[in-house]
Amino acid sequence: MAISSRGGHWIELLRLREAFSDQDVTYVTTVPEYRTMVEGCKFQVVTEASRDTKFRMAIMAFQVLWILLRIRPAVIVTTGAAPGFIAIWLGKRLGIRTLWVDSIANAEELSMSGQLAAKHADTILTQWEHLSSDRIQYHGAIV
């Protein structure tokens, strides 16, 4: 499963598509119109939410859980933000392998969601070499 919120997170996720070319991927995001960007692939939509919209965040969490239980992905890949963190958090509790790719927009430190996800994800990637550490890996940028 490949999941992200709208905008730059989604664009960065799409830049990883080639890595998934021989996989059965379900794309998940918050914008129904993005379906046309992944034609021929499975596609699901969840509610747009942020830390400022707690009720909507709860709805989104239930939607992500429902998707995870239905499709049972072997791996969750995300570029953030809220839907990605929720998927990482829930996925770990369901025994699913998880990969967080932090946004290239965060050059000084991991994003807030990335910092939270780093406590739960199996693998965390940064797009900035100076942010790498024993736990956070750098393999280049996806832009």
Side-chain angles (χ1 to χ4, degrees), residues 1-32 34-35 37-54 56-143:
M1 183 171 93
I3 182 170
S4 78
S5 55
R6 65 182 350 161
H9 295 287
W10 177 253
I11 297 304
E12 288 183 5
L13 188 66
L14 290 182
R15 294 211 170 124
L16 296 172
R17 271 187 87 181
E18 187 177 319
F20 313 141
S21 63
D22 61 342
Q23 304 297 315
D24 179 21
V25 179
T26 299
Y27 287 88
V28 182
T29 190
T30 59
V31 181
Y34 286 178
R35 177 183 306 273
M37 299 172 142
V38 291
E39 284 188 24
C41 296
K42 296 173 191 159
F43 183 82
Q44 298 285 318
V45 176
V46 295
T47 299
E48 179 74 41
S50 71
R51 61 190 161 131
D52 298 326
T53 57
K54 304 233 185 299
R56 292 175 64 102
M57 185 75 80
I59 292 169
M60 180 183 49
F62 282 113
Q63 291 170 331
V64 170
L65 177 61
W66 179 246
I67 292 167
L68 291 172
L69 292 173
R70 274 195 358 255
I71 69 171
R72 291 288 183 182
V75 178
I76 297 167
V77 176
T78 184
T79 52
F85 171 72
I86 296 293
I88 294 281
W89 192 87
L90 290 169
K92 283 309 296 176
R93 278 133 192 89
L94 295 171
I96 301 168
R97 292 187 45 102
T98 57
L99 169 65
W100 179 276
V101 181
D102 207 50
S103 173
I104 198 164
N106 296 85
E108 301 302 318
E109 62 183 2
L110 285 184
S111 64
M112 182 187 315
S113 296
Q115 291 174 30
L116 293 170
K119 298 174 186 173
H120 305 281
D122 291 311
T123 304
I124 305 101
L125 300 179
T126 179
Q127 298 184 64
W128 296 99
E129 189 170 12
H130 65 278
L131 295 181
S132 64
S133 67
D134 292 339
R135 176 95 171 99
I136 302 166
Q137 301 173 34
Y138 171 78
H139 297 283
I142 60 174
V143 175

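Quick caveat: nothing in here was measured; it's all calculated off a predicted structure.
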Next item on the list: With side-chain contact (heavy atoms from CB on, under 4.5 Å) as the test, would you mind laying out the steps for Arg35 and Met37 before giving the verdict?
Entry: CA-CA 5 Å; Arg35 177 183 306 273; Met37 299 172 142; over 6 Å; no
Next item on the list: Go through the steps for Tyr34 and Trp10 under the test ring pair (Phe, Tyr, Trp, His ring centres under 6.0 Å), then give the verdict.
Entry: CA-CA 9 Å; Tyr34 286 178; Trp10 177 253; 5.2 Å; yes
Hey, does [Y] have a side-chain heavy atom less than 4.5 Å from the side chain of [X]?
X	Y	answer
Met1	Val75	no
Leu68	Ile76	yes
Arg51	Met112	yes
Ile67	Val28	yes
Leu13	Val101	no
Val45	Val31	no
Val64	Phe62	no
Lys42	Val25	no

When rounded to the nearest 0.5 angstrom, what distance separates [atom1] in [X] from [atom2] in [Y]?
X	Y	atom1	atom2	value
Phe85	Met60	CZ	CE	10.0 Å
Arg56	Glu48	CZ	CD	7.0 Å
Leu125	Leu131	CG	CG	12.5 Å
Trp89	Leu94	CH2	CG	9.5 Å
Ile136	Trp128	CD1	CH2	15.0 Å
Gln44	Trp66	CD	CH2	11.0 Å

Counting distance only, does the side-chain N/O of [X] pair as donor-acceptor with the main-chain N or O of [Y] below 3.5 Å?
X	Y	value
Arg15	Ile11	no
Ser111	Gly114	yes
Thr79	His9	yes
Arg135	Ala118	yes
Thr29	Ser4	yes
His120	Ile86	no
Thr98	Asp122	yes

With no hydrogens and no angle check, just 3.5 Å: does a side-chain donor-acceptor pair link [X] and [Y]?
X	Y	value
Thr126	Asp102	no
Gln127	Glu12	yes
Thr47	Gln63	yes

Do you know the tightest heavy-atom contact between [X] and [Y]?
X	Y	value
Trp100	Ala117	CE3-CB, 3.4 Å
Gln137	His139	OE1-NE2, 2.8 Å
Leu90	Ala61	CD1-O, 3.6 Å

